[in-house]
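All remarks here apply to the structure that follows.
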Amino acid sequence: MFFFFYIFLPTGHRGDTVVMNGVAGHDQAEEADSKQDGSADAEDANEQEVIVIQDTGFTVKIQAPGAEPFDLQVSPQEMVQEIHQVLMDREDTCHRTCFSLQLDGNVLDNFAELKSIEGLQEGSLLKVVEEPYTVREARIHVRHIRDLLKSLDPSDAYNGVDCNSLSFLSVFTDGDLGDTGKRKKKGNELEQIDCTPPEHILPGSKEHPLVPLQPQNKDWKPMQCLKVLTMSGWNPPPGNRKMHGDLMYLYIVTVEDRHVSITASTRGFYLNQSTTYTFNPKPANPSFLSHSLVELLSQISAAFKKNFTAQQKKRVQRHPFERIATPFQVYSWTAPQSDHAMDCVRAEDAYTSRLGYEEHIPGQTRDWNEELQTTRELSRKNLPERLLRERAIFKVHSDFAAAATRGAMAVIDGNVMAINPGEETRMQMFIWNNIFFSLGFDVRDHYRELGGDAAAHAAPTNDLNGVRAYSAVDVEGLYTLGTVVVDYRGYRVTAQSIIPGILEREQEQSVIYGSIDFGKTVASHPKYLELLEKTSRPLKVQHHAVLNEKDTAVELCSSVECKGIIGNDGRHYILDLLRTFPPDLNFLPVEGEELAPESQKLGFPRQHRHRLACLRQELIEAFVEHRYLLFMKMAALQLMQQKANKDKTAALHDTSTADAESESKPQALEASEKVPDGTINLDFLWNIFTDPKSREVVLNACKAVGSISNTSFDIRFNPDIFSPGVRFPDDSTDDIQKQKQLLKDAAAFLVSCQIPSFVKDCLDHSSLPMDGATMTEALHQRGINVRYLGTVLEFVENMPAKAQIEHIYRIGISELITRCAKHIFKTYLQGVELTALSAAVSHFLNCLLSSFPDAVAHLPADELVSRRKSRKRRNRVPGGGDNTTWASLTPSELWKNINSEAQSYYHFSLQCVDQAVEKYGLQKITLLREISLKTGVQILIKEYNFDSRHKPAFTEEDILNIFPVVKHVNPKASDAFHFFQSGQAKVQQGFLKEGCELINEALNLFNNVYGAMHVEICACLRLLARLNYIMGDHPEALSNQQKAVLMSERVLGIEHPNTIQEYMHLALYCFANGHLSTALKLLYRARYLMLVVCGEDHPEMALLDSNIGLVLHGVMEYDLSLRFLENALAINSKYHGPRSLKVALSHHLVARVYESKAEFRSALQHEKEGYTIYKNQVGEAHEKTKESSEYLKYLTQQAVALQRTMNEIYKNGSNASIMPLKFTAPSMASVLEQLNIINGIIFIPLSNLENLKAEVQRRQLMQNSGKIEEQQLELDDNPSPYEEDTMQQPSV
């Protein structure tokens, strides 16, 4: 279930790094590793390198006009600007934006670090001094006030604007869980808890409502401060008024309905005498001149003063993570009906090219290419430099992604002029805000040979994968373009940064490396070869020669399509990286080429829509690793044989050799274990590479695994093999044959190793996808492309244990159907006029999900009439013939199309057409979520009746928006990630405290690079909370986990499977901290989300129900508790098999509740079942079996005592002397103990910890010798009823 013990096997990497103040540089970590004794000398050696990041903070006093002075804790690393930000966020100073900070009368520079300021020390007084406004400052002020007024309003999150997103945790926790929380209830106040969940959350409930997905947040009820705040129509001020200091005019209507006109001047804001129709800029009497707009409004409107103060109090009480912007926009697929209010800033933004928060003047655009490349060129010699560089790269990337998304939408919405307006619409290209946009169509038959439009649609994502790979390798001097791929309203738009000078010359002149015509003409360049050579090892690309049009050999170190262009800035750019990775032969039929039998058996090669199908980078990595193991085994085996022949006296070696000769490849591993010490140690390897006789061994092993070198293991691929139009020199025929074989082997490896291993991981529940996205991610991690989904499903279908992975089959089918529907939807939307968009989307959803037999599209009559006249050229979309053809789609036709799409794209036949939902046990609400997320559709949150046969489920009013679906590069924080991994490794070895320190350090570094919100920070917080919990610091665990939940909701989405997991962890820590009702609310929320995302029939639901059942048992709700625990038992039996230890534990939990209800017969029955499983699985001597046996005896005694009492009553009637029976409510401690067990946390007494560490080290040795295949790490394959996190007992 949980990370630690088996997501990253202990690498031992950076294990002994000397950490000063928790930070060690990247380079010295390696050095320190090599020093076994560690501390003193390593510290001296690295003194220069290690730079302390966490300097101790100090306190300064801040004095703002009209407010009490207050203390502020600052760090020497901070900039003065950061104090500005704090003041603009604080409740009492938030209305100020235009001020300077002064120390002893000297103005501080905004961009200076605090440590560089003379005289600034502990206790210094900083004065906030109001400064005169400029037009820019006045705009910033108005924008800031508007943001404060809207701070509790979720509409930006619903509309997917400004990186706002939703979070609902506070609804279930009644505010913050920390010390600031409103509630201080402790677990003993049981009477107050109402434990009954809503009907739809109970096990077996058939209804899955949509409305509870977004519960009502009472803080969002808007407190109106103003009716209208907008720019006045009198802007900009005329020349004579500019000379009086007027900057701009505002028009405001207060809640009391007073209409006022306000001048923003250099001195501040005051009332003027203008009205709607007459301009009179003179100050009114009184003018209420105030430096801040808030002060002015508070004087003229009592309601504003009251409500603004209350609103800011609420704003400050919210958790910061509910307010901070996310790095990339997250869109919500559901939203409530909202009123569209007037908003001057939003209106202004819509008509300017505003792109980052810092530009408030229209017409300012950023040179994206220069920014992206300059950040890459920053120095990276030591940790602080690397952090600065990674932070800059990340920031520019997230800004670029936002700008590119906005531009792509503007292009499709028709708001951008094409640079080739005379061409047909689908051939047009656009430049907006220094970004180049092109549509995903095959223009000028560029891709004709490769699959036309289908290839043109696939190429941008392949290219993005290439950009991602080259960016990750990060070679100095080699530059890639900023690339974002946006799918919006049925169109694919590629957004790229522009190479300086590229637009002034023809492509033919610019390209000095690679080919612009798929290999007919090819150029090369020594500088490019040198740069690309550095990437060839990490990306496994082979240096090779191809023939150009003159039949001369040209050296390349990439595919021919990869073009090298030197920009006017002198930088070496590479672009068109769509064939960075080698072709996937399973989907590329080539005449005269036979695939490996493993592939053929499954019906490969198959025809695909285009010829650009590539293997994933993850697959290449896994394949090479697999070959490396093979190489080591073979080398070791042959050496063993040589040694045995040399030393015939040792009989043992003799027999082992004979055995080894007679056995097949996998047994080579066992031979390698018989090398002295049981490891393939370094001396042994050194022998291989130095001893002349051994060279032959290496040569043989290299040949056998397809290495390109004869002296060492080195596998690389030639991406141009099987590219149409590429020719190779005659002298490389052998090499080409080898490469072809390697590609066939890789394709066979995918279907014969990776797909089975994915299914095996699902079968043993080490991989637990819950929805389409998590399933896709799990496939991708193993290098399996989604086009193999049909193959995966067939594999699952033919498994003997199919019942145990039914959830995978169901998620797979639902993913397949929604992907097919998405493909059809894409072309469907391209033929729709903008006026009919909502009608067309609702009609499509009706055909897909509604049971209404003749879904008819509603074409509003008046629009039909005016359609003839209003057919403007601008609106005519590519391929849009008759703009109402979409209306003729019927449900049966759509399902027929889905069926044929499944057949042609995934080679999978859906058994039925319309009844797929019933046949495969799918939920319509789940399908609705999946299709909305994939297409970017946002629907109104209400209850949809999918099953009505009298009216369609959706009307056009239910479609609220269409959002873009965006793919981009995710820059990584490498140092932080290394710390995170080292921390995990330490934890796995049992060094909890050290692990905790490293993870804390990783958290600091992540924050340094990504800011406060990021998916990786979320993982870090979850792990930290878990460690806090295990080490006995429950409040700290709660605080960290609360942050993890908020972050997961904001960054991944409110119902993402990861968010569901986070809710479960938080519930456990809430229970441990005595917040029982909150723990229940959180578990109910998790259960509801899970029902929406994947339904009840999922192995993870068993864990969730066990948690709910235990907590209900703890609060003495026995009947409810049984409903959940018995459901968990049923699910566990189904997915783990009736003899599983998980099932034994489920039986035990049910027995405990029956005992509390004094129903001893049922309790005995369940405990007996559990006892039988333990006895058969782990034997009678095991402590679990003994515990169960003891409990059985205890239950029997209780049952006998109860029977006696009953007999006594029957016999003697009312005057019977009754022995008091012991009915005990379970103690909280015992419930918590069971909760820990089912959630995979087990405490080990301190005395056992040393043994654990020794055991871990022993296992590591075994692992290095390759034994790990035979002997699974018992830490996750232990004969115990749960996955164990073997951890230290918190010392008391």
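Both backbone and side-chain heavy atoms feed into the values below; hydrogens, waters and symmetry mates do not. Heads up: numbering here begins at 1 and tracks the sequence.
A salt bridge links Glu423 with Arg444: at least one charged nitrogen is closer than 4.0 Å to a carboxylate oxygen. In summary, Arg810 and Glu806 engage in a salt bridge, as defined by a charged side-chain N under 4.0 Å from a carboxylate O. The pair Arg537-Asp714 meets the salt-bridge criterion, with a side-chain N (NZ, NE, NH1 or NH2) lying under 4.0 Å from an Asp/Glu carboxylate O. Between Lys896 and Glu901, no side-chain nitrogen of the basic residue sits less than 4.0 Å from a carboxylate oxygen of the acidic one, so the salt-bridge criterion is not met. Residues Asp584 and Arg787 are paired through a salt bridge, judged by an N-O separation under 4.0 Å between the basic side chain and the carboxylate. Between Lys972 and Glu1016 there is a salt bridge, since a side-chain N of the basic residue sits under 4.0 Å from a carboxylate O of the acidic one. With salt bridges taken as basic N to acidic carboxylate O contacts below 4.0 Å, none links Asp517 and Lys520.
Note that CD1 of Ile574 and CG of Leu481 are 9.0 Å apart. Values are rounded to the nearest 0.5 Å. Note: Arg929 CZ to Trp333 CH2 = 7.0 Å, rounded to the nearest 0.5 Å. Leu889 CG to Cys847 SG: the interatomic distance, rounded to the nearest 0.5 Å, is 4.0 Å. Taking CD1 from Ile708 and CG from Asp735, the interatomic distance works out to 8.0 Å, rounded to the nearest 0.5 Å. With rounding to the nearest 0.5 angstrom, the CG atom of Leu577 is 8.0 Å from the OG atom of Ser558. The OG1 atom of Thr791 lies 9.0 Å from the CG atom of Leu750; values are rounded to the nearest 0.5 Å.
The number of heavy atoms from other shown groups lying within 6.0 Å of CD (Glu625) does not exceed 12. In this structure, Lys601 places its NZ atom where only 12 or fewer heavy-atom neighbours from other residues, nucleotides or ligands lie under 6.0 Å away. At most 12 non-hydrogen atoms from other residues, nucleotides or ligands lie less than 6.0 angstrom from NZ of Lys703. Atom CG of Asp734 sits in a sparse spot, with 12 or fewer heavy atoms from other residues, nucleotides or ligands closer than 6.0 Å. Few gaps surround CG on Asp445; more than 12 heavy atoms of other groups in view lie less than 6.0 Å from it.
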Assess whether side chain to side chain donor-acceptor pair (under 3.5 Å) is satisfied between Gln903 and Asn899, documenting all intermediate values. CA-CA 6 Å; Gln903 190 60 58; Asn899 212 351; over 6 Å; no
Derivation and outcome, side-chain contact (heavy atoms from CB on, under 4.5 Å), residues Ser814 and Glu930: CA-CA 8 Å; Ser814 137; Glu930 292 283 359; 4.2 Å; yes
Evaluation steps, side-chain contact (heavy atoms from CB on, under 4.5 Å), between Lys967 and Asp487: CA-CA 9 Å; Lys967 299 180 177 72; Asp487 288 303; 3.4 Å; yes
Would you please test Asn462 and Arg579 for side-chain contact (heavy atoms from CB on, under 4.5 Å) and show each step? CA-CA 7 Å; Asn462 276 9; Arg579 282 199 199 262; over 6 Å; no
Any chance you could lay out the salt bridge (Lys or Arg N to Asp or Glu O under 4.0 Å) test for Glu815 and Lys934, step after step, and finish with the verdict? CA-CA 10 Å; Glu815 180 70 353; Lys934 286 179 179 51; 2.8 Å; yes
Stepwise side-chain contact (heavy atoms from CB on, under 4.5 Å) check, Val966 with Val484: CA-CA 7 Å; Val966 186; Val484 175; 3.6 Å; yes
With salt bridge (Lys or Arg N to Asp or Glu O under 4.0 Å) as the criterion, how do Arg627 and Asp745 come out once you've worked through the C-alpha distance, each side chain's angles and the decisive distance to 0.1 Å? CA-CA 10 Å; Arg627 283 284 158 115; Asp745 291 351; 3.0 Å; yes
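With hydrogens and angles left out, the side-chain atoms of Asn369 and Gln496 include no donor and acceptor closer than 3.5 Å. A donor and an acceptor atom, one from each side chain of Arg609 and Ser904, are located under 3.5 Å apart. In the model, Tyr447 has no side-chain atom that pairs as donor or acceptor with a side-chain atom of Asp453 under 3.5 Å. Side chain to side chain, Thr774 and Asp771 meet the donor-acceptor criterion of an N or O pair below 3.5 Å.
Partners of Tyr809 under the ring-ring contact (aromatic ring centres under 6.0 Å, His included) rule, at least two apart in sequence or in another chain, do not exist in this structure. Taking Lys740 as the reference, Glu593 meet the salt bridge (charged side-chain N to carboxylate O under 4.0 Å, His left out) condition, with sequence neighbours excluded. Partners of Phe844 according to the ring-ring contact (aromatic ring centres under 6.0 Å, His included) rule, which considers only residues two or more places apart in sequence or in another chain, are Phe825, Tyr828. With sequence neighbours left out, the ring-ring contact (aromatic ring centres under 6.0 Å, His included) criterion links Tyr513 to Tyr528. Every residue was checked against the side chain to side chain donor-acceptor pair (under 3.5 Å) condition with Thr494, not counting sequence neighbours, and none meets it.
With contacts defined as side-chain heavy-atom distances shorter than 4.5 Å, the pair Phe631/Cys702 qualifies. Residues Leu556 and His544 form a side-chain contact, since some pair of their non-hydrogen atoms from C-beta on lies under 4.5 Å apart. With contacts defined as side-chain heavy-atom distances shorter than 4.5 Å, the pair Leu532/Val541 does not qualify. Between Ser471 and Arg376 there is a side-chain heavy-atom pair separated by less than 4.5 Å. Proximity of Arg611 to Glu449: side-chain heavy atoms (C-beta onward) are nowhere separated by under 4.5 Å. The closest side-chain heavy-atom distance from Met775 to Leu789 is below 4.5 Å. Proximity of Leu1052 to Val330: side-chain heavy atoms (C-beta onward) are nowhere separated by under 4.5 Å. Proximity of Thr935 to Ile962: side-chain heavy atoms (C-beta onward) are nowhere separated by under 4.5 Å.
Shortest non-hydrogen contact noted between Ile931 and Ala821 is CD1-CB, 3.6 Å. Closest approach of Asn548 to Arg727, counting heavy atoms only: O-NH2, 2.8 Å. Between Pro964 and Val486, the shortest heavy-atom contact is CB-CG1, 3.6 Å. Annotation for Phe436 and Met429: closest pair CZ-SD, 3.5 Å, computed over non-hydrogen atoms.
Taking the centre and axis of the six-membered ring of Phe604, the NZ or CZ atom of Arg606 falls inside the cone set by 45° and 6.0 Å.
Ring orientation note: the planes of Phe749 and His626 are tilted relative to one another, at an angle of 30° to 60°. Taking the six-membered ring where the residue is Trp, His907 and Phe587 present tilted rings, their angle falling between 30° and 60°. In this structure, Tyr479 and Tyr573 have tilted ring planes: the angle between them lies in the 30° to 60° band.
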Would you tabulate the side-chain donor-acceptor contacts of residues 777-786 under 3.5 Å, counting partners in other chains and residues two or more places apart, or write 'none'?
{"residue": "His780", "atom": "NE2", "partner": "Arg616", "partner atom": "NH1", "Å": "3.4"}
{"residue": "Arg782", "atom": "NE", "partner": "Asp761", "partner atom": "OD2", "Å": "3.1"}
{"residue": "Arg782", "atom": "NH1", "partner": "Ala778", "partner atom": "O", "Å": "2.8"}
{"residue": "Arg782", "atom": "NH2", "partner": "Asp761", "partner atom": "OD2", "Å": "2.6"}
{"residue": "Asn785", "atom": "ND2", "partner": "Cys614", "partner atom": "O", "Å": "3.2"}

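Taking the six-membered ring where the residue is Trp, the centroids of Phe437 and Phe430 are separated by 6.0 Å or more.
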